[in-house]
Structure formats: structure tokens, C-alpha cells
Amino acid sequence: MRISRGRESGPSEQRGPTFTGRVWADPVLNAQDSVGVNNVFFEPGARTHWHRHEVAQVLHVISGEGWLQTRAGDGGPLTAGDTAHIPGGEEHWHGAAPDSYMAHLAISVGTNEWLDPVSDEDYAAAFRGR
Ligand code: MN
């Protein structure tokens, strides 16, 4: 067994080409047995690209407001205290609202497959009528 005390050593990482906007990730528990745990901070308007997780992902929202959307059309708001399970292979994106940052804990199992960016139109449509 291994206990991580709050965060692992190592720098916070600014996430690059598979995200839109500024996104920072802070390691909570470095990847082990294909399980990675990170706190992820999205500035307002920032979001992931469309992607799939090999096994699954669990998101737990710590603060702020955001959105989780699947390619199949399911989606909904994320606010502090919400927890989402995303099964393996499901195409989706998650990110902050246009007018709020969002921080979530992300527990990711297996590899990530990164796809196309979420267009400004698709992003705006998610928050229309929120
Ligand atoms: Mn994801």
C-alpha cells in the first residue's frame, strides 16, 4: 500500500494541446496500476478536447461550475459536490462554464484517447438555456 499526503511531489502541470484554454493539473496520486488521480483546474471557458478513457473515469467537482457532455448528446451541469462516472469508450468532454472556473478531482483508469477540439459552437450550445 501507499498513502499520498495531499499531493505528490512534482510540479503542477499546465495541460497543453488536448485542452482549450488554460488548464492546470496537480498530481494527487501519481499513476499506479493504470490509475491516475489529479486535481484539475479549468479557467472560465476552458475544456478538454473530445476524448475517451480506456477503462473509466470518475470526476468529483471541488468548486466552481462546469459541464460534462457526451458525443451521444447526454450532458449536464457540474457543480461543487457532484460526482460523475464515465464508462470506458464513451466520447465526452468536460470543462468550466464560460463565467466560472471549475476544479475537479479526476480519477482516470487506463489510457486516454484524445480526439478533436470542442468547437466554440458546441461549447456555447451546452450552456445555452442552462
Ligand atoms: Mn474525461
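First listed ligand is number 1; within each ligand, the first listed atom is number 1.
- Protein N/O/S atoms closer to the Mn ion (ligand 1) than 2.8 Å number 5 in this structure.
- Here CZ of Arg71 is found 6.0 Å from CG of Leu115. Values are rounded to the nearest 0.5 Å.
- A donor-acceptor distance shorter than 3.5 angstrom exists from the side chain of His92 to the backbone of His51, with no hydrogens or angles considered.
- Other residues, nucleotides and ligands contribute over 12 non-hydrogen atoms within 6.0 Å of the CZ atom of Phe127.
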Requested in this report: Mind running side-chain contact (heavy atoms from CB on, under 4.5 Å) on Leu68 and Asp82 for me, showing each step along the way?
Outcome: CA-CA 11 Å; Leu68 170 62; Asp82 292 346; over 6 Å; no

Query raised in the report: Passes side-chain contact (heavy atoms from CB on, under 4.5 Å), Val37 versus Leu105? Steps please.
Result: CA-CA 7 Å; Val37 184; Leu105 181 72; 3.6 Å; yes

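- Residues Gln69 and Trp50 meet the side-chain proximity criterion, which asks for heavy atoms closer than 4.5 Å.
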